[in-house]
Every structure is written in C-alpha cells, then in structure tokens.
Visitor: 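Below you will find the structure I want to go over with you.
One is the number of the first residue; the rest follow in order along the sequence. All ligand and atom numbering here is 1-based and tracks the order in the structure. Reckoned from all heavy atoms, side chains included, excluding hydrogens, waters and symmetry mates.
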Amino acid sequence: MTDNAIEIQGLKKTYAGTGKAPAKEALKGIDLTIPRGSIFGLLGPNGAGKSTLINILAGLVVKSAGTVKIWGFDQDKNPRQSRAAIGVMPQEPNLDPFFTPAGSLDVQAGLYGVPKAQRRTAEILDLIGLTDKADAYARSLSGGMRRRLLLGKALVHSPQILVLDEPTAGVDIELRNMLWQNVRKLNEQGMTIILTTHYLEEAEEMCDDIAIINHGEVIIRDSTQNLLGRLDSKTLVITPAHPAELPALPEEIKGDKAADGTLSFTYQSEKTPADQILSLVRDAGIMIKDVRTQEADLEDVFLSLTRAQ
Ligand SMILES: Nc1ncnc2c1ncn2[C@@H]1O[C@H](COP(=O)(O)OP(=O)(O)OP(=O)(O)O)[C@@H](O)[C@H]1O
Ligand SMILES: [Mg+2]
C-alpha cells in the first residue's frame, strides 16, 4: 500500500497536429507524487500543461506515454477503481444547458453508479450554495453559479481525491472565500485536494506542497514553506520625513526611489542586518518618518523560476 494519492511516472502527452497547426508536446515526461491528505498546488504559466495533466487524471485526455496511479490503482490496469477515487472540476464548463442543478448532480451520480439511496444531491446543493436554484435550468445560472455546480458534480461519488482546475477564475471575492472554506472543510474530513490557480496568494495560503510546471516539465516541487524560504530577499521601505535622495549603498543592497519619495532597499537578510540599512539612512541625514518591510512571496519565487527558463 502506498501513502500517495497520485503517482505519476514518465507522463508524456503530444497533441496531434490538425490542419496547419503542428503537433504539440504538452507534457515532456512528468514524474510527480502527491501525498494523501494534502492540499497540493499545481502552478505554472498559461500553456504550461496543467490542464493537460489534470485532464489525463480525469480520464478526459488520453496520455501518450507513462503511468498514472490514482489512490494506488493503475489507470490502465484498474480503470474503474482509479476513476472512482477522483473527482475533477474542469477548467472549461461542460454543463448541459437543459439540466437543472439537481438534475445534473443526479445524472452525474448515475454515471458513477451511485445507488439512489446513497445520493447526496440535497447535501451537495447546500454545500455549493445552490439549493434555491435546484430546479433552474443550467443556462439561466450565472458564471459563478455554473462553476459551483461543476464543483458539486465532482463530489457526487464521494471521491478520495478532489481536483480543481482554476476553481476561482472569474469568481467574486465572497464566493472565493466560500469555495476555499469548503475546500478546507473537505480536506479536514480527509479528502486530498489538488488545485491550480493563477492567484498565487491563494496557493500560498492554501497549499501544503506545490509543483511548478513550465513548458511541460516540473521545474520544482517542494513544500510551500521551503519554496518561500528559497528567496531570502527582503525589502525595507522608508518614508523620509523630508524629501531625500538615496544614500550611497554597498553592492549587496539595491536601492530605489519611488515617485512618491519613498526609499526602498532590497537585501538578503542572511548577509545584511536591517540595522545597517537604517544606519546608512540616518548617517545620510535622512529623518525616518515611517518604515515597513516586505518579504518575498510566492509570486517572487514563481517569477524567478519561470523567467529563468
Ligand atoms: N486539445 C488540444 N489540442 C492541441 N493542443 C492543445 C490541446 N489542449 C492543449 N493544447 C496545448 O497544450 C499546451 C498545454 O495546454 P494546457 O491547457 O495543458 O495548459 P495550462 O497549463 O492548463 O494553461 P492555462 O493556465 O492557460 O490553463 C498548450 O500549448 C496548448 O496550446
Ligand atoms: Mg489550464
């Protein structure tokens, strides 16, 4: 038995060319394991291959090479068990406009062979906040409501793993908070969560572990904490009491003067004590009205890794 929810080895996908479009190698040999019980973030720029990977997990895209194990079941050898272990909320809405939310959930449960007595339609409608829309046609739902219904559809067969492909794209703040609250609750109940998002502060807040994909390859996979520790860069922002110029600085401190007159100093906290910067500023005769610090965030890590490629 394994402790991993997902085990991927040598996964490749080449989309066949059509007409004038050439073939596209979207995944170039991905190795990735995702531990059970975690909230795992799959990040990367547009076109990196995230949805391709997720759609292979969901059985919506056929891989070109490699092995995929879901909850210990090989996708090729045990297709039924591996499919039952995972629920996927796709990036692209795939709702039938003539079904109502209650109807969609019921049909989806039927597809997964969930017996009528075990269906949780009302509970799921409540979870996704669509109880009052249970009998409205899908085409009359707003964009955010449709996305919530997609989440509901991913949950009908009570999978051990829930995959969310950009669940919060185009969703308002209140709904986003509700969605993340639900995701956390499901995770606390034991569900493994895999998600993609372009909102890196969401990933930073939600994910235990993160893999960054670029051009069809995993360029890094680590705990969120380790990733944030990789960039030991800090910025001290000083508002001078009177208009002031940047003082002369040693090479390891980068200075900048903003249009509003604030002075910022970017440095590595391992090498430079903040006090040294404050002294440099005071020695230059600058009176400090206000001071604040900025730490590197996931966005800085992401940009430094994906830009280098
Ligand atoms: N059905 C398809 N046929 C041909 N090429 C495709 C197909 N789907 C995706 N691609 C190509 O494969 C690459 C990876 O696409 P994918 O949708 O997996 O990226 P992504 O990381 O999900 O991007 P985004 O952040 O924009 O959602 C892109 O170059 C894309 O153009
Ligand atoms: Mg995508």
Visitor: Strictly under 2.8 Å of the Mg ion (ligand 2): which protein N/O/S atoms qualify?
Guide: S51 OG, Q91 OE1
Visitor: Using a 4.0 Å heavy-atom cut-off, which part of K24 comes near ligand 1: side chain, backbone, both, or neither?
Guide: side chain
Visitor: For E202 and R176, what are the C-alpha separation, side-chain angles and deciding distance, and is it a salt bridge (Lys or Arg N to Asp or Glu O under 4.0 Å)?
Guide: CA-CA 10 Å; E202 287 183 351; R176 240 192 243 187; 3.3 Å; yes
Visitor: Less than 4.5 Å apart, side chain to side chain, heavy atoms only: is that true for K133 and L141?
Guide: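 Sidechains of L141 and K133: in contact.
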Visitor: Could you check whether atom 20 (P) of ligand 1 has a protein contact, counting only heavy atoms that fall below 4.0 angstrom?
Guide: yes
Visitor: What about G44: any of its N or O atoms under 3.5 Å from an N or O on ligand 1?
Guide: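 Among all N and O atoms of G44, none is under 3.5 Å from an N or O of ligand 1.
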Visitor: From the options T235, T272, D256, select the one residue that forms a side chain to side chain donor-acceptor pair (under 3.5 Å) with T266.
Guide: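 Only one of T235, T272, D256 forms a side chain to side chain donor-acceptor pair (under 3.5 Å) with T266, namely T235.
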Visitor: Taking the six-membered ring of F40 (Phe, Tyr or Trp), confirm whether the NZ or CZ of R221 is under 6.0 Å from its centre and within 45° of its axis.
Guide: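 No.
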Visitor: What pairs meet the salt bridge (Lys or Arg N to Asp or Glu O under 4.0 Å) rule with one or both residues in residues 155-170, with sequence neighbours excluded?
Guide: none
Visitor: Touching ligand 1 at all, K13? Heavy atoms, strictly under 4.0 Å?
Guide: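 K13: no contact with ligand 1 (<4.0 Å).
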Visitor: Would the distance check show the side chain of E204 and the main-chain N or O of L298 forming a donor-acceptor pair, the cut-off being under 3.5 Å?
Guide: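 Yes.
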Visitor: Any protein heavy atom under 4.0 Å from atom 30 (C) of ligand 1?
Guide: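 No; the ligand atom in question lacks any protein heavy-atom contact below 4.0 Å.
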Visitor: In the protein, which heavy atom is nearest to atom 17 (O) of ligand 1, and how far is it?
Guide: S51 CB, 3.7 Å
Visitor: Starting from atom 6 (C) of ligand 1, what is the nearest protein heavy atom, named by residue and atom, and what distance separates them?
Guide: Y15 CD1, 3.2 Å
Visitor: Does the N187 side chain pair with the main chain of G37, one donor and one acceptor, at a distance under 3.5 Å?
Guide: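 Yes: the side chain of N187 pairs with the backbone of G37.
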Visitor: Do me a favour and list the nearest non-hydrogen protein atom to atom 15 (O) of ligand 1 with residue, atom name and distance?
Guide: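 Protein heavy atom with the smallest distance to atom 15 (O) of ligand 1: T52 OG1, 3.8 Å.
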Visitor: Please determine whether a side-chain nitrogen of the Lys or Arg among K12 and E25 lies less than 4.0 Å from a carboxylate oxygen of the Asp or Glu.
Guide: no
Visitor: Nearest protein heavy atom to atom 24 (P) of ligand 1, by residue and atom, and its distance?
Guide: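 Going atom by atom, the protein heavy atom closest to atom 24 (P) of ligand 1 ends up being N46 ND2, 3.5 Å.
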Visitor: Name the closest protein heavy atom to atom 23 (O) of ligand 1, giving the residue it belongs to and the distance to 0.1 Å.
Guide: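 Going by distance alone, atom 23 (O) of ligand 1 is nearest to G47 N, 2.8 Å.
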Visitor: Do the side chain of H157 and the main chain of I86 share a donor and acceptor less than 3.5 angstrom apart?
Guide: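 A pair under 3.5 Å: yes.
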Visitor: Counting neighbours of CD on E174 that are heavy atoms of other residues, nucleotides or ligands and sit closer than 6.0 Å, is the number greater than 12?
Guide: no
Visitor: Could you tell me if K77 sits above the aromatic ring of F73, with its cationic atom closer than 6.0 Å to the ring centre and no more than 45 degrees from the axis?
Guide: no
